[in-house]
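Scroll down for the structure; my scribbles are underneath it.
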Amino acid sequence: MASSADSFDRALWWKSSQEPPLNAPVFSGTGEADIAIIGGGYTGLSAALHLAEAGHRPVVLEARHVGFGATGRNGGQVIPGLKHDPDELLAEFGPNQGQALIDLAGGAADLVFDLVDRHQIICAPTRSGWIQAAHSRQALTRVMNRARQWQERGVPVELLTQAEIAARTGTNIYHGGWRDPRAGSLNPLAYARGLARAAKAAGASIFESSSVALLKRKGAGWEIRTHEGVLNSRQVLVATNGYTSDLVPGLKQSILPVQSMLIATEVLPAALRDKILPRGVVLSETRKLAFYMRQSIDGRLVFGGRGSVGTQERAELIGALSAGMVRTFPDLQGTRIETSWSGHLALTMDGLPHLHAPEPGLFVALGYNGRGIALSTAFGKIAALWLSGEADPVYPVTPIKPIGWHRLREPVMNIGIRWYWLKDRMGFAS
Ligand SMILES: Cc1cc2nc3c(=O)[nH]c(=O)nc-3n(C[C@H](O)[C@H](O)[C@H](O)COP(=O)(O)OP(=O)(O)OC[C@H]3O[C@@H](n4cnc5c(N)ncnc54)[C@H](O)[C@@H]3O)c2cc1C
């Protein structure tokens, strides 16, 4: 388990979530289940909720507590879409599957806000759109092309000039960009707790402080050992994303767990709250080593960027984030940073999430590449339909492919970061 664990309760959402913690019991003794889910983030909780609503009785085993992973610490920007543009999806997957993936990606934010609405989750949802802001002329051409692809498919996107972005966000450092109206924001931990509450009410069993130490085949099903108990289950969904350990051979080596880090300022004065990303709009940049930012509901600027490539937080990156924030919003010079925290996300080599079924009855969904609130909720639903036998995934199911240089990932990625830094400085579009 990553040592950034200790930053969890420094996250702004921990103090501000109006959805209370679940305080679920520890799994102990011996139990039987039809479907077990390992991991209590959005993937696992969305799967549990959709399964329970369909009449199943899934059992969720979470090592720490609901939302402990990236789910409870992220930036709260609910952004639809995969990192691949619609035309790329059609070219790579063909007209039928490509279109299904466009529908899946395009509708992912709708699914989140529908769930929030349907289950009355108190998570400060806003739906004011996402601005993707171009850091260079080349990046602007790239995002305009992206925006036009969605526009051609009926999404009422807006193309924004430098002046328009400045008027809406309070910074004029960007060359222009686009606004996707399907996007929005929420309190990420509160959303997770609300999903858990709804899943439990629908019939799912959720256990916290129940880390799975061993997963092994037993007859036609699976034996799942936690520190205090043994659960036998016909099917298992592994939903551990950037916190994946060695439960499934090769899985940990198929992703690159990297940290993302966030800082939150003190509450801004009213004049700055009206100027800097007001009224719920969220923004991320086109840089490969991108900053992403929003206001919290109580008027702080929440500003995120890359963390370390290892499991240890690096304090100097907080300074780099603060400096980036002031470069972006010079008005914030002298503004106090009240808290900072980090979490692990899972990168994949193809930039796409992965679905695996390495053995009969064993399923995996992970790899959202830092854009996972909407996608992991959608993949949880896909997994629910898949495990219950209701529908095969529209998304490709692939073999687990360990990355050859995984053992050397830290030095390799540190070199990669320098390379991306240079490309960003030179204005290349990623
Ligand atoms: C700092 C940060 C900022 C981000 N910002 C955004 C954003 O603004 N917008 C966006 O869309 N996405 C964002 N993301 C990505 C998004 O948060 C993730 O893609 C998403 O939360 C993944 O959810 P998950 O359920 O798959 O995994 P996680 O939430 O990471 O959950 C995995 C869970 O598995 C549990 N687990 C691991 N091993 C075991 C075990 N052996 N037994 C039991 N349980 C286990 C862990 O404790 C953890 O709770 C961000 C990520 C980070 C880290």
Side-chain angles (χ1 to χ4, degrees), residues 1-2 4-5 7-8 11 13 27 36-48 60-81 83 108-109 112 130 183-186 188-189 191-192 195-196 206-215 224-227 231 236-248 251-252 255 257-263 282-284 290 292-294 302-307 313 321 340-347 353-354 364-380 383:
M1 188 63 58
S4 67
S7 78
F8 184 87
W13 325 121
F27 182 78
I37 297 169
I38 303 176
Y42 301 134
T43 305
L45 296 170
S46 166
V60 179
L61 298 169
E62 163 53 47
R64 301 288 292 264
H65 51 76
V66 158
F68 169 80
T71 288
R73 317 162 184 236
N74 62 61
Q77 301 196 4
V78 186
I79 304 170
K83 288 201 171 167
V112 171
W130 166 61
S185 69
L186 42 65
L189 178 62
Y191 170 52
L195 284 180
I206 301 180
F207 296 93
E208 296 180 310
S209 303
S210 301
S211 180
V212 174
L214 184 73
L215 175 63
I224 305 164
R225 282 189 177 267
T226 67
H227 293 292
L231 179 67
V236 180
L237 171 66
V238 177
T240 50
N241 206 45
Y243 293 79
T244 296
S245 57
D246 290 315
L247 292 178
V248 177
L251 188 62
K252 185 177 172 180
I255 53 158
V258 297
Q259 281 188 10
S260 185
M261 182 172 259
L262 284 144
I263 53 176
V282 303
L283 181 149
S284 56
Y292 52 98
M293 52 208 88
R294 60 170 288 194
V302 180
F303 194 89
R306 79 172 186 91
E313 258 186 22
L321 261 188
S340 67
W341 66 96
S342 67
H344 288 256
L345 47 92
L347 301 182
H354 291 169
V364 180
L366 86 183
Y368 308 105
N369 292 277
R371 194 185 288 177
I373 302 177
L375 279 177
S376 58
T377 305
F379 273 69

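Whatever order the structure lists ligands and atoms in, that order sets their numbers, starting from 1. Note that these values count all heavy atoms, side chains included, but never hydrogens, waters or copies made by symmetry. All of these numbers come straight from a predicted model, not from anything done at the bench.
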Query raised in the report: Does Tyr368 approach ligand 1 within less than 4.0 angstrom via side chain, backbone, both or neither, non-hydrogen atoms only?
Result: side chain
Query raised in the report: Considering only heavy atoms, which of Val212, Val302, Val282, Ile224 lies nearest to atom 40 (C) of ligand 1?
Result: Val212
Query raised in the report: Between Ala365 and ligand 1, which residue portion shows a heavy-atom distance shorter than 4.0 Å: side chain, backbone, both, or neither?
Result: neither
Query - Numbered atoms and elements of ligand 1 in range of Gly75, under 4.0 angstrom, heavy atoms - result: 3 (C), 4 (C), 5 (N), 6 (C), 7 (C), 8 (O)
**Report entry** Close-contact set for ligand 1 against Leu247 heavy atoms, below 4.0 Å
**Finding:** 41 (N)
**Report entry** Where ligand 1 meets Gly76 - atom numbers and elements under 4.0 angstrom, heavy-atom basis
**Finding:** 8 (O)
Report task. Report yes if some N/O of Ser210 lies less than 3.5 Å from some N/O of ligand 1; otherwise report no. Result -> no
Report task. Give a yes or no answer on whether the side chain of Trp341 reaches the backbone of Asn74 with a donor-acceptor pair at less than 3.5 Å. Result -> no
Report task. Kindly give the heavy-atom pair with the smallest separation between Ala36 and Ile224, and that separation in Å. Result -> CB-CD1, 3.4 Å
Query raised in the report: Which one holds for Gln259 and ligand 1: side chain close, backbone close, both close, or neither close, with close meaning a heavy atom under 4.0 Å?
Result: neither
Report task. Answer with side chain, backbone, both or neither: which part of Asn74 has a heavy atom less than 4.0 angstrom from an atom of ligand 1? Result -> both
Query raised in the report: Between the side chain of Thr244 and the main-chain N/O of Asn241, is any donor-acceptor distance below 3.5 Å?
Result: yes
Report task. Closest by any non-hydrogen atom to atom 30 (O) of ligand 1: pick that one out of Ser260, Ala70, Ala183. Result -> Ala70
Report summary line: A student comparing Gly343, Ala346, Gly372 should find that the heavy atom closest to atom 10 (C) of ligand 1 comes from Gly372
Report task. Considering the heavy atoms of Tyr243, write down every atom of ligand 1 situated less than 4.0 Å from one of them. Result -> 30 (O), 37 (C), 38 (N)
Query raised in the report: Are Tyr42 and Phe379 close enough that their ring centers fall under 6.0 Å?
Result: no
Requested in this report: Flag the pair Leu45 / Ile206 as yes when at least one side-chain heavy-atom distance between them is below 4.5 Å, and no otherwise.
Outcome: yes
Query raised in the report: In terms of side-chain heavy atoms, does Ser342 have a donor or acceptor partner in Glu313 at a distance below 3.5 Å?
Result: yes
Report summary line: In terms of heavy-atom contacts, Leu345 and Ser260 come closest through CD2-CB, 3.7 Å
Report summary line: To atom 7 (C) of ligand 1, the nearest of Arg371, Gln77, Arg64 on a heavy-atom basis is Gln77
**Report entry** Polar proximity ligand 1 side, Thr240 side, N/O cut 3.5 Å exclusive
**Finding:** no
Query raised in the report: Which heavy atom of Ile373 sits nearest a heavy atom of Val78, and at what distance?
Result: CG2-CG2, 4.0 Å
Requested in this report: Check each atom of ligand 1 against the heavy atoms of His344 and keep those under 4.0 Å away; list them by number with element.
Outcome: 53 (C)
Query - Listed once per pair and sorted, the side chain to side chain donor-acceptor pair (under 3.5 Å) pairs that draw on residues 370-379, sequence neighbours left out - result: Tyr191-Thr377
Query raised in the report: With atoms numbered from 1 as shown, which atoms in ligand 1 lie under 4.0 angstrom from a non-hydrogen atom of Leu61?
Result: 43 (C), 44 (N)
**Report entry** Ile79 and ligand 1 - part of the residue with a heavy-atom distance under 4.0 Å
**Finding:** neither
**Report entry** Shortest non-hydrogen contact from Leu321 toward Gly305
**Finding:** CD2-N, 3.5 Å
Report task. Could you pull out the closest heavy-atom pair between Gly75 and Tyr292, with the gap in Å? Result -> CA-CE1, 4.2 Å
Query raised in the report: Looking only at heavy atoms, what is the nearest atom pair of Val66 and Ala192, with distance?
Result: CG1-O, 3.9 Å
**Report entry** Atoms in ligand 1 with a heavy atom of Ile38 nearer than 4.0 Å
**Finding:** 40 (C), 42 (N), 43 (C)
Query raised in the report: If you measure from atom 32 (C) of ligand 1 to every heavy atom of Gly304, Gly39, Ala239, Gly69, which option wins on shortest distance?
Result: Ala239
Report task. Report the part of Trp341 (side chain from C-beta onward, or backbone N, CA, C, O) that has a heavy atom under 4.0 Å from ligand 1; answer both or neither where that applies. Result -> neither
